[in-house]
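A quick write-up on the structure given underneath.
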Amino acid sequence: MRREALRLYLVADRGYAAGRRLRPIVEAAVRAGVTLVQIRDKGNDARAFLAEALELRAALAGSGVPLLVNDRIDIARAIGAEGVHLGQRDLPPRIAREQLGPDAIIGLSIENRGQLGDGKFDGVDYLGVGPVFATGTKSDASAPIGLDGLAAIRAATRLPMVGIGGIGPADAAAVRATGVNGICVVSAILGATNPAAAARALL
């Protein structure tokens, strides 16, 4: 994958869109500079998730911005997404690679340096690391690792990585200064009255 695609990574989760449709928010944010979109839905309705994923797939067609699916390898395959983002309790990245093929983008969340293990991540293209700061967008998030924790993980692996968790315009530069390839946000764009302006402020 192109590391530049990680520069401004938006997790599109309708739970944080203040009742608005995801598609126009994502389209505005992409026009303003978002470089990667992940669709996330923690609900249990697979058909509703599939329909929304297809809508975003259509919205991003021709934009050059990859679409990843959170957790669900089956949904990623069904819509022809560029890849998936996996958590520590999801199927192993190796399985995702086998299912989605050599060109798929496979991301993995890690929350602390201990999860780096021996530094070998079979099938992983990039790491999503955090929460960097306290966040309300993930109920099961671990304790924030802060900028020092993020920098320590950055120094311990060569894999591309993004910082995630509680990042807003005021601290985006400080997060990037740790050496990560980009920042990942949810509510900083989805919750903004003007998603395009919010995206530009994060670049």
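Within a 6.0 Å radius of CZ in Arg97, more than 12 heavy atoms belonging to other residues, nucleotides or ligands are found.
Residues Val124 and Leu86 are not in side-chain contact: their nearest non-hydrogen atoms beyond the backbone lie 4.5 Å or more apart.
Shown here for Val65 and Val34, the closest heavy-atom pair between the two residues is CG2-O, 3.7 Å. Heavy atoms only, all atoms of each residue included: Leu10 and Ala29 are closest at CD2-CB, 4.2 Å. Contact between Pro131 and Ser142 at its shortest, heavy atoms only, is CG-O, 3.2 Å. Considering every non-hydrogen atom in both Ala78 and Leu50, the closest pair reads CB-CD1, 4.0 Å. The two residues Gly179 and Arg154 come nearest to each other via the heavy atoms O-CD, 3.1 Å. For Ile79 against Ala53, the heavy-atom pair with the smallest separation is CD1-CB, 3.8 Å.
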Please evaluate residues Leu36 and Leu6 with respect to the criterion side-chain contact (heavy atoms from CB on, under 4.5 Å), reporting the C-alpha separation (whole Å), side-chain torsions for both, the decisive distance (0.1 Å), and the verdict.
CA-CA 6 Å; Leu36 182 64; Leu6 296 172; 3.8 Å; yes

Apply side-chain contact (heavy atoms from CB on, under 4.5 Å) to residues Val180 and Val162 and explain how you reach the verdict.
CA-CA 6 Å; Val180 296; Val162 293; 5.8 Å; no

Where do Leu116 and Leu127 land on the side-chain contact (heavy atoms from CB on, under 4.5 Å) test, with the steps shown first?
CA-CA 10 Å; Leu116 285 176; Leu127 300 174; 4.0 Å; yes

Between Val11 and Tyr9, does a side-chain contact (heavy atoms from CB on, under 4.5 Å) hold up when you go through it step by step?
CA-CA 7 Å; Val11 175; Tyr9 181 152; 4.0 Å; yes

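Distance alone, capped at 3.5 Å, places no donor-acceptor pair between the Gln38 side chain and the Val84 backbone. Between the Asn181 side chain and the Arg3 main chain, no donor and acceptor come within less than 3.5 Å of each other. Side-chain atoms of Thr35 come within 3.5 Å of backbone atoms of Ala5 as a donor-acceptor pair (strictly under, hydrogens ignored).
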Could you list the donor-acceptor pairs under 3.5 angstrom formed between side-chain atoms of residues 168-176 and any protein atom two or more places apart in sequence or on another chain?
residue, atom, partner, partner atom, Å
Asp171, OD1, Gly168, N, 2.7
Arg176, NH1, Leu202, O, 2.8
Arg176, NH2, Arg7, O, 2.9
Arg176, NH2, Leu202, O, 3.3

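Applying the ring pair (Phe, Tyr, Trp, His ring centres under 6.0 Å) test to residues at least two apart or on different chains, the pairs with a partner in residues 60-100 are His85-Tyr126. Pairs passing the ring pair (Phe, Tyr, Trp, His ring centres under 6.0 Å) check and including a residue from residues 174-193, sequence neighbours excluded, do not occur.
Atoms CG and CE, on Asp103 and Met1 in that order, are 13.0 Å from each other to the nearest 0.5 Å. Atoms CG and CD1, from Asp90 and Ile95 in turn, are 12.5 Å apart once rounded to the nearest 0.5 Å. To the nearest 0.5 Å, atoms CG (Leu108) and CG (Leu159) are separated by 9.0 Å. From Met161, atom CE reaches atom CG of Asp125 across 15.0 Å, with rounding to the nearest 0.5 Å. Put simply, CD on Glu111 and CD on Gln88 are 6.5 Å apart, with the number rounded to the nearest 0.5 Å. Atoms CG and CD1, on Asn194 and Ile25 in that order, are 11.0 Å from each other to the nearest 0.5 Å.
None of Asn70, Asp13, Asp71 except one satisfies the side-chain hydrogen bond (donor to acceptor under 3.5 Å, both in side chains) rule with Arg40; the exception is Asp13.
Taking a cutoff of 4.0 Å between a charged side-chain nitrogen and a carboxylate oxygen, Arg72 and Asp74 qualify as a salt bridge. We find that Arg23 and Glu52 are not joined by a salt bridge, their nearest charged nitrogen and carboxylate oxygen being 4.0 Å or further apart.
Partners of Ala32 according to the side-chain contact (heavy atoms from CB on, under 4.5 Å) rule, which considers only residues two or more places apart in sequence or in another chain, are Ala196, Ala199, Arg200. Ile145 pairs by the side-chain contact (heavy atoms from CB on, under 4.5 Å) definition with Val129, Leu150, Ile153, not counting sequence neighbours. For Glu82, the side-chain contact (heavy atoms from CB on, under 4.5 Å) test picks out Arg57, Pro66, Leu67, Leu68, Ile105, with sequence neighbours left out.
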